[in-house]
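All of these numbers come straight from a predicted model, not from anything done at the bench. Per chain, numbering begins at 1; letters A, B, ... match sequence-line order. Values below: every heavy atom of this structure, side chains too, minus hydrogens, waters and symmetry copies.
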Protein chains: 2
Amino acid sequence: MAAMARAATTSDAFNAIAEPRRREILVLLRGGERPVTELAHDLGMSQPQASKHLRVLREVGLVRVRGAGKQRLYGLDARGLRPVHEWLGGFERFWSGSFDRLDEYVQDLKQARREEPPDGDDR
Amino acid sequence: MAAMARAATTSDAFNAIAEPRRREILVLLRGGERPVTELAHDLGMSQPQASKHLRVLREVGLVRVRGAGKQRLYGLDARGLRPVHEWLGGFERFWSGSFDRLDEYVQDLKQARREEPPDGDDR
DNA sequence: CCATTGTATGCCTATATCGGAATGTGTCAA
DNA sequence: TTGACACATTCCGATATAGGCATACAATGG
């Protein structure tokens, strides 16, 4: 009942991919399923570290595990990234156009200035 | 010189948009520039809170400020979201297809099996 | 059953976040 | 100048993250 710190990293995909290491893992997994140790090695991180990140990714549903003998094969499940991608898509027009909102803004300015006679501009 | 905690929220766009409140701000700003107080009010947060989040967004370059008399108008600068969107785009084929990598994987299997006569399959 | 290999967890530390409340700074008006 | 309003910053507390290291757990092979 006091102050929360930060949203749990495990809460959603947005938080999960905020961690660079986790992003690397996801990218690697695009190449197919991999056992933990291999991931850890390829990414130059310790096994426990890999396991922990994989846990987070699993908890937000971005990866799936499958036991294969002694190994555990982690595989990508990118469906959870879709909403994130879509959310960002909502901003597409703001960067694809000219200069973010700038020109639009300038339009408004001209418009406004046309409606009330020249006054003082910005300070 | 020991363990880092978590990546600074101010480090990049990925981290900046991991915070729901910040996402709300960005969405609101799609509607055009706004003064702090208005943002705070519309989103039901305290003014200092809004200012802090705006600071972060400013530091990663997702918003711009412009002084307008007593007020400070914050405006969207979505360019920084583009790389994020693109990164996610790299996973598009994994969710748009049928079942993430599954079918693709099955394809490979069939392929492989076609090339070498039935032996032991995936042991 | 024991040893071995592959993973998951627990514990500890340093760091940094987010939120709240209070306070500083800046700008305009009278 | 003083006052009022808009916003920024600082200090505080609570939380939890990411890493390192050691260790527990699991599955397979002897």
Side-chain angles (χ1 to χ4, degrees), chain A residues 1-25 29 33-60 63-75 119-123, chain B residues 1-25 29 33-60 63-75 123:
Chain A
M1 52 187 67
M4 284 181 294
R6 186 182 195 164
T9 197
T10 180
S11 53
D12 57 42
F14 279 98
N15 278 285
I17 67 171
E19 169 65 50
R21 261 34 228 286
R22 242 124 51 187
R23 261 176 276 154
E24 293 176 31
I25 292 181
L29 289 182
E33 293 181 312
R34 300 261 185 127
V36 179
T37 308
E38 201 177 307
L39 283 170
H41 175 265
D42 286 18
L43 297 176
M45 58 175 104
S46 70
Q47 174 268 309
Q49 215 183 121
S51 279
K52 285 174 188 169
H53 282 309
L54 285 168
R55 179 172 160 75
V56 172
L57 290 172
R58 206 174 48 207
E59 289 180 346
V60 300
V63 301
R64 247 176 310 111
V65 213
R66 180 170 75 89
K70 296 196 223 178
Q71 314 203 127
R72 309 204 68 198
L73 266 40
Y74 279 84
D119 201 290
D121 42 47
D122 60 325
R123 74 175 332 256
Chain B
M1 52 176 70
M4 282 180 295
R6 187 181 197 166
T9 199
T10 179
S11 54
D12 57 44
F14 279 98
N15 278 285
I17 66 171
E19 168 66 49
R21 258 36 227 287
R22 243 126 47 191
R23 263 176 274 152
E24 293 176 32
I25 291 181
L29 289 182
E33 292 182 312
R34 300 260 186 130
V36 179
T37 308
E38 201 177 306
L39 283 170
H41 176 265
D42 286 18
L43 296 175
M45 58 175 107
S46 70
Q47 173 267 310
Q49 217 184 114
S51 278
K52 286 174 189 169
H53 283 308
L54 285 167
R55 179 172 161 77
V56 172
L57 290 171
R58 205 174 48 206
E59 288 181 345
V60 299
V63 301
R64 245 178 311 111
V65 215
R66 179 170 76 87
K70 294 196 223 177
Q71 315 203 123
R72 308 204 70 196
L73 266 41
Y74 279 86
R123 57 179 344 250

When the distance from [atom1] of [X] to [atom2] of [N] is rounded to whole Å, what number comes out?
X: B:E19; N: D:dT15; atom1: CD; atom2: C1'; answer: 14 Å
X: A:L73; N: C:dT7; atom1: CG; atom2: P; answer: 8 Å
X: B:E33; N: D:dA6; atom1: CD; atom2: P; answer: 18 Å
X: B:N15; N: D:dT17; atom1: CG; atom2: P; answer: 13 Å
X: A:L54; N: D:dA18; atom1: CG; atom2: C1'; answer: 14 Å
X: A:L43; N: D:dG19; atom1: CG; atom2: P; answer: 12 Å
X: B:R22; N: C:dG19; atom1: CZ; atom2: C1'; answer: 13 Å
X: A:M45; N: D:dC21; atom1: CE; atom2: P; answer: 16 Å

**Prompt:** Yes or no on side chain to side chain contact (heavy atoms under 4.5 Å, CB included) for B:R21 and B:V56, after CA distance, side-chain angles and deciding distance?
**Reply:** CA-CA 11 Å; B:R21 258 36 227 287; B:V56 172; over 6 Å; no
**Request:** State which of D:dA8, D:dG20, D:dT10 makes the closest approach to the side chain of B:K52.
**Result:**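 Of the options given, the side chain of B:K52 lies nearest D:dT10.
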**Per A:K70 side chain, nearest of listed nucleotides C:dG20, D:dC5, D:dT28** =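 Looking only at heavy atoms from C-beta outward on A:K70, the closest nucleotide is D:dT28.
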Looking at [X], I'd like to know whether one of its side-chain N or O atoms comes within less than 4.0 Å of OP1 or OP2 on [N].
X: B:Y74; N: D:dA6; result: no
X: A:H53; N: D:dG19; result: yes
X: A:R55; N: C:dA8; result: no

Sugar-phosphate only, base, or nothing, as touched by [X] at under 4.0 Å among non-hydrogen atoms:
X: A:T37; result: sugar-phosphate
X: B:Q71; result: sugar-phosphate
X: B:P35; result: sugar-phosphate

**Prompt:** What are the two closest heavy atoms between A:A50 and A:V36, and how far apart are they?
**Reply:**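 Where A:A50 meets A:V36 most closely, the heavy atoms are CB-CG1, 4.2 Å.
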**Message:** Nearest heavy atom decides the nucleotide; on that basis, is B:Q49 or A:P48 closer to the 5' end of DNA chain C?
**Reply:**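 It is A:P48 whose nearest nucleotide is closer to the 5' end.
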**Asked** Between B:I17, B:L57, B:N15, which is the residue that forms a side chain to side chain contact (heavy atoms under 4.5 Å, CB included) with B:R22?
**Response**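 So the option named by the test is B:L57.
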**Request:** Check B:E33, B:R34, B:R58 against B:Y74 for a side chain to side chain contact (heavy atoms under 4.5 Å, CB included) and give me the one that passes.
**Result:**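 By the side chain to side chain contact (heavy atoms under 4.5 Å, CB included) criterion, B:Y74 pairs with just one of B:E33, B:R34, B:R58: B:R58.
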**Request:** Return the 5'-most residue of the pair A:R21, B:R72 with respect to DNA chain D, ranking by each residue's nearest nucleotide.
**Result:**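 Closer to the 5' end of DNA chain D: B:R72.
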**Request:** State whether the distance check finds a donor on one side and an acceptor on the other, under 3.5 Å, for side chain B:Q47 versus base D:dA6.
**Result:**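 Side chain to base: no pair below 3.5 Å.
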**Request:** Determine, stepwise, if the pair A:M45 / A:H53 fulfils side chain to side chain contact (heavy atoms under 4.5 Å, CB included).
**Result:** CA-CA 11 Å; A:M45 58 175 104; A:H53 282 309; 4.2 Å; yes
